[in-house]
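Everything on this sheet refers to the single structure shown next.
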Amino acid sequence: VVTYSSLISACANVGAWERALEFFQQMEACGLVANVVTYTSLISALHRAGEWARAVVVFKRMEVAGVQADIQAYNTLIAACASGAAWEKAWSIVASMRLAGVKPNTVSYNALMSACERCGEWERALEVFGRLESEGQDPQSPVRPNTISYNTVISACGKEGRWEEAMVLYRSMKTKGVKMDVVTLSSLVSACEKVGRWEDALQLFADAEKNGVVPNLFCFNSLISALGRGGQWEAALAAFERMQQAGFKPDVVTFSALISACEQGGGFERASGLFDEMKSLGIQPNGYIYSGLINACERAGDWDQALRLFREMQAEEIEFD
RNA sequence: AGCCUAUAGA
């Protein structure tokens, strides 16, 4: 059973939920009885693949089989609902775990906030966060907000344009002595991007670095987007430079942000230069990038170029939406 | 052997 559980979790790690399911069935065919770890590993594989409805089915099957769900099994199921953007289901699971006498912990609340985040329910996420904080009032309580809790609510607020709320959370994080990390930084910078606060994005970057956070690709990409959205294409290109000097390889997100920044202010020439650079680095442009460039050609009245891009896109079999 | 978080795009 341990061997099969390991195999299933290995499948989960590579996103192969169908393989995971096969192993599970094979195991049962051998007459072995799955335990809570086996079930949780399978649910985790489904969660990572975004197969939340199947995850719920497997959980039910586990209960029917008389296997008691523990906290990690519940938490994994909540996470599966989060990946399926099913916050109401996630909420009801927390209720049912309480009924079953399993007390939700920090990870449970974090997963629940993540479900809210995915559904744009920033107020619900804040509500859950408030619950975590009040549990943490008791110095004995292990249930209290950690870095991931903050990151999740900050992201929930930031995504919905609640910049103020995100900043309040950031300050509270500092006050409470909860360490920030690269995820905090990229979430905050992205919150700035949503509302066009590119100067604050730069400031946050500087602050984070002062606090020992070493920005990663996500952080740089967020910064480039924030600058681009703010019409600061030159600063976006400068950030792109810095990113490469820091040793990060740009990806399709980087170029997408840069190209759209240049389409807005830096001119079509620069945008198409970046497009060529991207291809020369072996990064496959996607349909959105083509669409954006084609629109830009159209605005510049360059129909030949637009047509050339369109043919190229068809030749590469890229979906145009 | 199993649980939670972040980035772009008309």
Side-chain angles (χ1 to χ4, degrees), chain A residues 1-10 12-13 20 23 34-45 47-48 69-83 90 104-115 117-118 125 128 132 145-156 158-159 166 180-194 201 215-229 236 243 250-261 263-264 285-299 320-321:
Chain A
V1 176
V2 172
T3 308
Y4 273 105
S5 302
S6 304
L7 283 169
I8 292 168
S9 88
N13 289 328
F23 279 126
N35 62 21
V36 67
V37 176
T38 323
Y39 278 106
T40 305
S41 305
L42 182 57
I43 294 167
S44 173
H47 151 55
R48 290 183 211 200
D70 63 8
I71 185 141
Q72 293 193 47
Y74 277 109
N75 290 349
T76 308
L77 184 63
I78 297 167
C81 294
S83 66
N105 62 13
T106 301
V107 174
S108 320
Y109 290 119
N110 290 351
L112 180 55
M113 288 190 289
S114 167
E117 188 250 35
R118 295 242 13 208
V128 176
L132 252 179
N146 61 14
T147 300
I148 295 181
S149 319
Y150 275 100
N151 292 348
T152 311
V153 246
I154 287 173
S155 170
K159 271 210 172 82
M180 75 177 295
D181 64 8
V182 286
V183 178
T184 321
L185 177 59
S186 71
S187 305
L188 287 167
V189 169
S190 164
C192 293
E193 183 256 331
K194 295 289 178 297
N216 65 9
L217 182 62
F218 278 57
C219 300
F220 279 108
N221 285 348
S222 304
L223 180 63
I224 292 168
S225 306
L227 294 167
R229 154 110 34 159
M243 178 187 122
D251 65 2
V252 64
V253 176
T254 317
F255 279 105
S256 172
L258 280 171
I259 291 171
S260 77
E263 274 165 7
Q264 288 171 37
N286 57 27
Y288 280 103
I289 291 180
Y290 275 104
S291 313
L293 273 176
I294 291 169
N295 277 323
C297 291
E298 198 180 316
R299 261 180 275 125
F320 189 99
D321 45 336

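Here is the naming used below: chain letters follow the sequence lines, and residue numbers restart at 1 for every chain. Computed from heavy atoms alone, side chains included, the values below leave out hydrogens, waters and symmetry copies.
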Quiz prompt | d(CD, A:Gln264; C1', B:G9) in whole Å | solution = 11 Å
Quiz item: Can you tell me how far C1' of B:U7 sits from CD1 of A:Ile289, to the nearest Å?
Solution: 14 Å
Practice problem: Grab the CD1-P distance between A:Ile294 and B:G9 for me, whole Å please. | Solution: 18 Å
Quiz item: Among all residues two or more places apart in sequence or in another chain, which pass the side chain to side chain donor-acceptor pair (under 3.5 Å) test with A:Ser114?
Solution: none
Exercise. Could you tell me which residues satisfy side chain to side chain donor-acceptor pair (under 3.5 Å) with A:Asn216, sequence neighbours excluded, listed by chain and number?
Key: none
Quiz item: Of all residues at least two apart in sequence or in a different chain, which pass the side-chain contact (heavy atoms from CB on, under 4.5 Å) check with A:Ser256?
Solution: A:Ile289
Quiz item: Among all residues two or more places apart in sequence or in another chain, which pass the salt bridge (Lys or Arg N to Asp or Glu O under 4.0 Å) test with A:Lys194?
Solution: none
Quiz item: Atom OH of A:Tyr288 to atom P of B:U7: distance rounded to whole Å?
Solution: 15 Å
Exercise. Round to a whole Å and report the spacing from CG of A:Asn286 to C1' of B:U7.
Key: 14 Å
Exercise. Tell me what A:Glu193 touches on the nucleic acid: a base, only sugar-phosphate, or nothing, going by heavy atoms under 4.0 Å.
Key: sugar-phosphate
Self-check item: Rounded interatomic separation in angstrom, taking NZ from A:Lys194 and P from B:U7
Solution: 7 Å
Quiz prompt | Protein proximity profile, nucleotides 1-6 of chain B - base contact B, sugar-phosphate-only contact S, no contact -, cut-off 4.0 Å on heavy atoms | solution = BBBBBB
Quiz item: Taking only residues two or more places apart in sequence, or in another chain, which ones meet A:Arg229 in a salt bridge (Lys or Arg N to Asp or Glu O under 4.0 Å)?
Solution: A:Glu193
Quiz item: Do A:Ser108 and A:Tyr74 have side-chain heavy atoms sitting under 4.5 Å apart?
Solution: no
Quiz item: Hey, is the side chain of A:Ser256 pairing donor to acceptor with the base of B:A8 inside 3.5 Å?
Solution: yes
